[in-house]
Enquirer: 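The structure under discussion is supplied below as structure tokens; questions concerning it will follow.
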Amino acid sequence: MYNLLFARSTGGTFILRIEDTDVERSREELSAQILAAMEWLGLDFDEGPFYQSKRTDLYRAAAEKLLAEGKAYRAFEKPEELDVERKAAEAAGKAYRYSGAGRDISPDESERRARAGERHVVRLKMPAETIVVEDLVRGRVEFLPEALDDFVLVRSDGHPLYHFCVCVDDADMRITHVLRGDDHLANTPKHVALFAALGTPVPQFAHLGMILGTDKKKLSKRHGAAAVEEWRDVGILPETLFNFLALLGWSPGDDREILTRAEMETLFSIDRIGASPSVFDPEKLLWMNAQYIHQLPAEELLARSAPFATAGLPPTPVALAAVELHRTRVRTTIEMGRALAAYAADPDEYDADGMKKQVKPETAAQMAKLVENLEAVSDWTIGPLEEALRRTAEELGVSAGKLIHPTRLALTGITVGAPLFDVMALLGKETAMRRLRSFEKRIGSQG
RNA sequence: GGCCCCUUCGUCUAACGGUUAGGACACAGCCCUCUCAAGGCUGUAAUACGGGUUCGAUUCCCGUAGGGGCUACCA
């Protein structure tokens with residue numbers, strides 16, 4: 001998202017690259033899921049997607065070049081040997097580093113052994129000097145040479161590795177800015193060294209704080225595309241999620257929180273990115289989604305809620321009025337769908353607590369009286385309906401509430417929701433009377 | 001273990017040496033009200049700790065603590 005916003009705010013190009021170099025873990029459906037999530041969120045890229053798995057020739061050529069120039073070398077240790085060294089270092093309480101033994105093999109011998117088919121990896125010759133990373137959000141970060149070792153560029157099966165592909169691609173695609181998770185800061189000196197070896201300019205880096213779960217732990221399992229789909233499925237609008245996520249780590253500088261895409265695209269700037277990690281608060285996401293639901297035109301809100309409603313309603317005047325009636329009462333399009341369902345079908349059950357609380361022994365008789373009076377109402381609109389109900393209450397010598405609450409229960413199956421007379425008017429006389437009679441029957445038989 | 005990053009209300013954040021430390025979510029109260037919301041008003045609540053530097057530190061430096069990351073023939 002920040003890469004997109006940055007590109008848009010500066011007139012740059014937003015390129016999508018799928019880094020699927022790990023043949024064991026990469027799967028077609030995973031990238032498809034990412035693409036779908038990006039489309040839903042509105043992360044429209046200008047170029048790509050480019051799949052690293054399809055660009056192996058490029059990496060192979062780069063590796064050959066580094067080898068030829070003596071900036072990289074072949075190493076012939078077996079993984080098991082390295083494991084032993086690593087375990088030994090660990091047991092001794094020391095930091096493990098690759099011995100660098102491969103550096104001492106002469107180019108001729110290296111060439112000969114490779115041609116003979118001996119398995120080997122390609123490692124980068126890390127320079128024996130401090131590597132400085134100039135980070136746009138963290139400032140200057142230094143890495144001492146003893147902390148870095150000659151990492152592997154190409155596996156012994158010939159597959160190029162992530163760090164290598166990234167730098168080759170960044171150079172090839174002329175990437176100017178890399179905005180990525182904080183977790184990559186420690187990898188950046190590798191990249192800087194690689195760019196130097198490749199003889200290409202080093203892009204600018206901006207390392208972003210990670211997003212944490214409510215437990216303050218790094219968001220796991222439910223991250224990335226899967227999480228985006230989860231929020232979509234509970235009725236969060238994509239523009240809400242975009243807005244919310246944009247504010248996790250960035251702020252426009254004033255107190256505004258509800259921002260359009262266009263506003264974010266012009267206001268975004270790297271100097272307003274914070275360095276600290278942030279906790280993802282679903283409560284605030286829900287609040288923000290409600291804000292978006294308040295703003296949406298009724299037709300659109302209806303259309304976007306319909307897939308979730310038990311019965312999708314056509315955009316009739318009644319449906320649109322129902323949307324207006326409920327928009328301040330729901331936080332997700334799912335909830336809107338549920339609220340709208342009451343206008344499409346009679347309640348199939350009544351809220352149990354509501355029945356207990358609102359239905360008293362005398363209620364059946366009171367409701368009978370109300371039904372009788374409502375039957376006489378010819379102008380089925382809010383005013384006359386309220387008048388009829390209040391008159392009934394007066395005749396019965398009870399407060400209006402004694403009738404209002406059971407009526408709402410009869411009409412919608414629940415005790416909370418939109419103002420009763422609005423609901424009645426929208427339902428229409430026929431539907432309302434049918435529901436009232438069936439409720440009357442139900443509580444009558446209950447005794 | 002080694003290296004690196006981070007640290008303002010419970011949460012998201014503003015304040016780029018001088019503010020009664022601001023806003024938002026959540027929470028509480030009040031108003032509105034047929035219920036539930038929405039909305040309005042009010043309130044509780046923070047500079048992790050310890051040292052410096054400075055006339056003055058949330059802000060700059062060092063240390064401690066806590067959290068996170070990297071340390072793969074993963075990304």
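Within every chain, numbering begins at 1; the chains are lettered A, B, ... in the order of the sequence lines, protein sequences first and strands thereafter.
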Enquirer: Reckon H159(A) touches a base, only the sugar-phosphate, or nothing at all at heavy-atom distances under 4.0 Å?
Expert: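 Nothing: the residue H159(A), judged by heavy atoms under 4.0 Å, touches no strand.
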Enquirer: At 4.0 Å (heavy atoms only), tell me whether S156(A) reaches a base, stays on the sugar-phosphate, or touches nothing.
Expert: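 S156(A): base contact, heavy atoms under 4.0 Å.
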Enquirer: Once hydrogens and angles are ignored, does a donor-acceptor distance under 3.5 Å link the base of A24(B) to the side chain of K284(A)?
Expert: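 By the distance-only test, yes, there is a pair.
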Enquirer: Give me the distance, rounded to whole Å, that separates C70(B) from C27(B) when you measure between the P atoms they each carry.
Expert: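 C70(B) and C27(B) have their P atoms separated by 35 Å.
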Enquirer: Just checking, R86(A) and Y96(A): is the charged tip under 6.0 Å from the six-membered ring centre and within 45° of the axis?
Expert: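 Yes, a cation-pi geometry holds between R86(A) and Y96(A).
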Enquirer: When all nucleic acid strands are considered with a 4.0 Å heavy-atom cut-off, which category describes H184(A): base, sugar-phosphate, or nothing?
Expert: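 The answer is base, as H184(A) lies within the cut-off (heavy atoms under 4.0 Å) of a base atom.
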Enquirer: With side chain to side chain donor-acceptor pair (under 3.5 Å) as the criterion, how do H207(A) and D135(A) come out once you've worked through the C-alpha distance, each side chain's angles and the decisive distance to 0.1 Å?
Expert: CA-CA 7 Å; H207(A) 286 92; D135(A) 189 276; 2.6 Å; yes
Enquirer: With RNA chain B as reference, determine whether V141(A) or A400(A) sits nearer its 5' end, using the nearest nucleotide of each.
Expert: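 The residue closer to the strand's 5' end, by nearest nucleotide, is V141(A).
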Enquirer: Who does C70(B) pair with, Watson-Crick or G-U, both distances under 3.5 Å?
Expert: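 Looking at the geometry, C70(B) pairs with G2(B).
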Enquirer: Are W250(A) and F6(A) close enough that their ring centers fall under 6.0 Å?
Expert: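 Not under 6.0 Å, so no.
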Enquirer: Whom does G50(B) pair with, Watson-Crick or G-U wobble, provided both distances fall under 3.5 Å?
Expert: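 With both distances under 3.5 Å, G50(B) matches C62(B).
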Enquirer: Hey, does A75(A) reach any base, or is it just sugar-phosphate, or nothing, if we go heavy atoms under 4.0 Å?
Expert: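 No contact.
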Enquirer: Mind checking the C1' distance from G23(B) to A46(B)? Whole angstroms is fine.
Expert: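 That atom pair is separated by 14 Å.
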Enquirer: Taking the six-membered ring of F242(A) (Phe, Tyr or Trp), confirm whether the NZ or CZ of R261(A) is under 6.0 Å from its centre and within 45° of its axis.
Expert: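 Positive - R261(A) is close enough to the ring of F242(A) and near enough to its axis.
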Enquirer: Is any side-chain nitrogen or oxygen of Q291(A) closer than 4.0 Å to OP1 or OP2 of G39(B)?
Expert: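 The answer is yes; a side-chain N or O of Q291(A) sits under 4.0 Å from OP1 or OP2.
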Enquirer: Identify the nucleotide, in any strand shown, that forms a Watson-Crick or G-U wobble pair with C25(B), with both distances under 3.5 Å; if there is none, say none.
Expert: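 The answer is G10(B), by the H-bond criterion.
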Enquirer: With heavy atoms under 4.0 Å as the rule, sort R86(A) into base, sugar-phosphate or nothing.
Expert: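 Counting heavy atoms under 4.0 Å across all strands, the contact made by R86(A) is with sugar-phosphate only.
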Enquirer: Rounded to whole angstrom, note down the P distance from A28(B) over to G69(B).
Expert: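 Pairwise P distance, A28(B) against G69(B), rounds to 34 Å.
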Enquirer: Has T214(A) got a side-chain N or O lying under 4.0 Å from the OP1 or OP2 atom of U11(B)?
Expert: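 T214(A) to U11(B) OP1/OP2: no side-chain N or O under 4.0 Å.
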Enquirer: For I273(A) and C12(B), give me the distance from atom CD1 to atom C1', rounded to whole Å.
Expert: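 Rounded to the whole Å, the gap is 16 Å.
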Enquirer: Over all strands shown, is G249(A) touching base, sugar-phosphate only, or nothing at heavy-atom distances under 4.0 angstrom?
Expert: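 Since only primed, P, OP1 and OP2 atoms lie under 4.0 Å of G249(A), the category is sugar-phosphate.
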Enquirer: Using the side chain to side chain donor-acceptor pair (under 3.5 Å) rule, take Y2(A) and H177(A) through it: C-alpha gap first, then chi angles, then the decisive distance, then the call.
Expert: CA-CA 11 Å; Y2(A) 285 8; H177(A) 295 259; over 6 Å; no
Enquirer: Please compare S276(A) and F421(A) by the position of their nearest nucleotide in RNA chain B and report the one closer to 5'.
Expert: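 On the 5' side of the pair lies S276(A).
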Enquirer: C74(B) phosphate, OP1 or OP2: any side-chain N/O from R155(A) under 4.0 angstrom?
Expert: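 Checking R155(A) against C74(B): at least one side-chain N or O falls below 4.0 Å of OP1 or OP2.
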Enquirer: Under 4.0 angstrom, heavy atoms only, what part of the nucleic acid is L161(A) near: base, sugar-phosphate, or nothing?
Expert: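 Answer is sugar-phosphate: L161(A) comes under 4.0 Å of backbone atoms only.
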Enquirer: Within the structure shown, what part of the strands sits under 4.0 Å from D182(A) by heavy-atom distance: base, sugar-phosphate, or nothing?
Expert: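 Sugar-phosphate: the residue D182(A), judged by heavy atoms under 4.0 Å, touches backbone atoms but no base.
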Enquirer: Taking the P atom in each of A38(B) and G29(B), what is the distance between them to the nearest angstrom?
Expert: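 A38(B) and G29(B) have their P atoms separated by 15 Å.
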Enquirer: Take atom C1' in G22(B) and the same atom in A75(B), then report the distance between them in whole Å.
Expert: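 Straight-line distance between the two C1' atoms is 41 Å.
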Enquirer: E146(A) near the nucleic acid: base, sugar-phosphate alone, or nothing, with a heavy-atom cut-off under 4.0 Å?
Expert: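 Touches nothing.
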Enquirer: Considering Watson-Crick and G-U wobble pairs with both distances under 3.5 Å, what does G39(B) pair with?
Expert: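 Looking at the geometry, G39(B) pairs with C31(B).
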Enquirer: Touch check for E19(A), heavy atoms < 4.0 angstrom, all strands: base, sugar-phosphate only, or nothing?
Expert: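 Sugar-phosphate: the residue E19(A), judged by heavy atoms under 4.0 Å, touches backbone atoms but no base.
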Enquirer: Provide the Watson-Crick or G-U wobble partner of G18(B), both distances under 3.5 Å; none if there is no partner.
Expert: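 Result: C55(B).
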Enquirer: Using a heavy-atom cut-off of under 4.0 Å over every strand shown, decide if T415(A) touches base, sugar-phosphate, or nothing.
Expert: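 Base contact - T415(A) has a heavy atom under 4.0 Å of at least one base atom.
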Enquirer: Within 45° of the axis and under 6.0 Å from the centre of the six-membered ring of F76(A), does NZ or CZ of R113(A) qualify?
Expert: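 Relative to the ring axis of F76(A), which defines the angle, R113(A) lies inside both limits.
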Enquirer: Base, sugar-phosphate, or nothing: which does G93(A) touch, judged by heavy atoms less than 4.0 Å apart?
Expert: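 G93(A): backbone/sugar contact only, no base atoms under 4.0 Å.
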Enquirer: Base, sugar-phosphate, or nothing for R272(A), non-hydrogen atoms under 4.0 angstrom?
Expert: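 Sugar-phosphate: the residue R272(A), judged by heavy atoms under 4.0 Å, touches backbone atoms but no base.
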Enquirer: For the residue pair R123(A) and Y98(A), would you count it as a cation-pi contact if the rule is NZ or CZ under 6.0 angstrom from the ring centre and within 45 degrees of the ring axis?
Expert: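 Judged by the rule (NZ or CZ under 6.0 Å from the ring centre, within 45° of its axis), R123(A) counts as positioned above Y98(A).
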Enquirer: Base of C5(B), side chain of R138(A) - is there a donor-acceptor contact under 3.5 Å?
Expert: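 Side chain to base: no pair below 3.5 Å.
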Enquirer: Would you indicate what R390(A) reaches in the nucleic acid, counting non-hydrogen atoms under 4.0 angstrom: base, sugar-phosphate, or nothing?
Expert: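 R390(A): backbone/sugar contact only, no base atoms under 4.0 Å.
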